[in-house]
Amino acid sequence: GISPWENDQLSHQFQANAYVGVNCPEPGRLEESIRAAGYDPATLQSLKVTGELTTEDFRLINQMPVLKNLNMKDAKAMVTAWDDHAGRIYKEENVFPEYALYGNSTLRTLVLPAGLRKICAYSLAHLQLMNSTLEVPDGVTFIGDEAFYSSCRESNNVTLILPASIDSIGAEAFWDCGMQCELNLSDRLAYVGSGAFNYTRNFYGVFCFPSHLAYIGDNAFGGLGGGYWGEQSTFSGEIEIPQGLKEIPAQFAPALSNR
């Protein structure tokens with residue numbers, strides 16, 4: 001089916017574009033739903049999706065050649081697989097699947113599903129968003145390996161907002177991510193993988209290790225805020241080792257400017 005989006009200016013950042021609204025009633029049926037509503041995936045530029053989305057649906061989205069604006073605020077992302085033991089399809093809901101939008105070169109604005117809990121590996125890597133804000137919804141607790149790897153590496157005037165709900169950040173999750181982000185590490189954060197924030201030159205703020213941090217991988221904060229290879233960091237703060245940290249790896253702390 002199709003739902004109008006003329007008055008939904010808040011959730012697509014007050015853009016005046018004409019958006020097409022499509023409901024995907026079951027995972028894997030997005031193309032069928034778009035065509036049933038009378039549209040061609042090859043010509044859609046702006047799309048608001050509701051319903052259920054899984055890997056096959058994101059594969060379609062990545063193949064839509066002129067899609068610039070995607071709003072999934074009211075959709076539910078999930079991972080699906082066949083369960084031999086139960087004899088049915090298994091669903092893990094509120095999960096952004098691995099490689100979901102990996103390498104997407106057409107999207108300029110993106111709104112993630114509001115109910116997300118996990119962002120899996122490589123799912124938002126190498127994006128080329130422009131002149132917009134990407135907000136990771138409050139409630140996301142897990143960000144997988146290379147999830148935002150090298151996204152918007154030229155910045156493109158894109159702002160990233162991260163919630164305080166995150167407790168685990170995978171290896172190289174934000175490596176070379178060029179988005180602008182005021183980084184405030186929540187005390188919920190317990191795990192930061194190797195190279196997680198390496199060369200995040202447009203991140204900024206006051207740095208403080210979360211008090212419940214239990215694991216930091218090698219070079220997890222190398223180049224945070226550009227503080228690498230002699231560059232001036234955009235971060236100030238003090239380095240205080242959390243009591244729960246059992247092992248201290250090489251180059252575990254960022255270079256701080258303390259301006």
Side-chain angles (χ1 to χ4, degrees), residues 96 98-99 102-103 118-129 134-136 140-259:
F96 212 63
E98 287 190 1
Y99 293 101
Y102 179 93
K118 291 183 180 180
I119 295 177
C120 292
Y122 322 110
S123 59
L124 295 163
H126 299 284
L127 295 182
Q128 297 181 32
L129 306 178
L134 177 59
E135 182 170 0
V136 175
V140 169
T141 61
F142 175 89
I143 294 180
D145 296 349
E146 299 185 36
F148 291 84
Y149 188 101
S150 202
S151 271
C152 305
R153 66 186 311 268
E154 303 303 326
S155 176
N156 300 345
N157 193 30
V158 175
T159 298
L160 176 67
I161 299 175
L162 297 175
S165 52
I166 299 171
D167 58 36
S168 179
I169 297 174
E172 301 181 7
F174 296 97
W175 182 296
D176 200 27
C177 175
M179 299 179 190
Q180 301 163 38
C181 178
E182 183 175 6
L183 184 65
N184 296 297
L185 299 176
S186 164
D187 273 344
R188 291 180 57 108
L189 188 62
Y191 181 101
V192 180
S194 300
F197 291 97
N198 205 339
Y199 209 50
T200 47
R201 55 204 169 279
N202 294 321
F203 284 36
Y204 62 94
V206 177
F207 183 86
C208 179
F209 277 122
S211 60
H212 293 100
L213 195 63
Y215 177 85
I216 309 176
D218 290 344
N219 210 22
F221 295 99
L224 179 70
Y228 209 35
W229 300 313
E231 297 179 23
Q232 182 74 20
S233 175
T234 57
F235 279 82
S236 62
E238 300 293 337
I239 301 300
E240 184 173 338
I241 308 300
Q243 292 183 350
L245 198 61
K246 305 303 180 186
E247 297 181 19
I248 299 177
Q251 299 181 347
F252 73 98
L256 300 177
S257 66
N258 287 317
R259 287 188 293 243

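In this chain, numbering begins with 1 at the start of the sequence shown.
You'll find the side chain of Leu224 reaches within 4.5 Å of the side chain of Leu183, heavy atoms only. Contact of the Phe209 side chain with the Leu245 side chain is not registered, since no non-hydrogen atoms from C-beta on lie closer than 4.5 Å. Looking only at side-chain heavy atoms (C-beta outward), Glu146 and Glu98 stay at 4.5 Å or farther from each other. With a 4.5 Å cut-off on side-chain heavy atoms, Leu160 and Val136 count as touching. Proximity of Asp176 to Arg201: side-chain heavy atoms (C-beta onward) are separated by under 4.5 Å at one or more points.
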- [ ] For Val140 and Phe96, run side-chain contact (heavy atoms from CB on, under 4.5 Å): C-alpha distance rounded to whole Å, both residues' side-chain angles, the deciding distance at 0.1 Å, then the answer.
- [x] CA-CA 10 Å; Val140 169; Phe96 212 63; over 6 Å; no
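Of all heavy-atom pairs between Ser186 and Ala164, the closest is OG-O, 2.9 Å. The heavy-atom pair separating Pro210 from Pro242 by the smallest distance is O-CG, 3.4 Å. Here the shortest heavy-atom pairing between Gly170 and Ala196 reads O-CB, 3.6 Å. Residues Ala220 and Val192 come closest through the heavy atom pair CB-CG1, 3.8 Å. Taking every heavy atom of both residues into account, Ser168 and Leu189 meet most closely at N-CD1, 3.8 Å.
Ser194 places no side-chain N or O within 3.5 Å of a backbone atom of Gly217 that could act as its donor or acceptor partner. A donor-acceptor contact shorter than 3.5 Å links the side chain of His212 to the backbone of Asp187. Side chain of Ser150 to main chain of His126: no donor-acceptor pair is present (N/O by atom type, distance under 3.5 Å, no hydrogens or angles). Checked by atom type and distance alone, the side chain of Arg188 never pairs as donor or acceptor with a backbone atom of Asp167 at under 3.5 Å. When atom types are taken as modelled, the side chain of Asp145 and the backbone of Ala171 share a donor-acceptor pair closer than 3.5 angstrom. Between the side chain of Ser151 and the backbone N or O of Met179 there is no donor-acceptor pair closer than 3.5 Å.
Screening Thr200, Asn157, Ile161, Val158 for a side-chain contact (heavy atoms from CB on, under 4.5 Å) involving Gln180 leaves a single residue, Asn157. The one candidate from Phe197, Phe148, Tyr191 that meets the side-chain contact (heavy atoms from CB on, under 4.5 Å) condition with Ile169 is Phe197.
Annotation: the span from Ile166 atom CD1 to Ile119 atom CD1 amounts to 7.0 Å, rounded to 0.5 Å. Rounded to the nearest 0.5 angstrom, Tyr199 OH and Cys177 SG are separated by 13.0 Å. Atom SG of Cys152 sits about 6.0 Å away from atom CG of Leu127, to the nearest 0.5 Å. For the atom pair CD1 (Ile241) and CD1 (Ile216), the distance works out to 7.0 Å, reported to the nearest 0.5 Å. Asn202 contributes atom CG, which lies 9.5 Å from atom CD of Glu154 (distance to the nearest 0.5 angstrom).
Between Phe207 and Phe235, the two ring planes are perpendicular [angle over 60°; tilted spans 30° to 60°].
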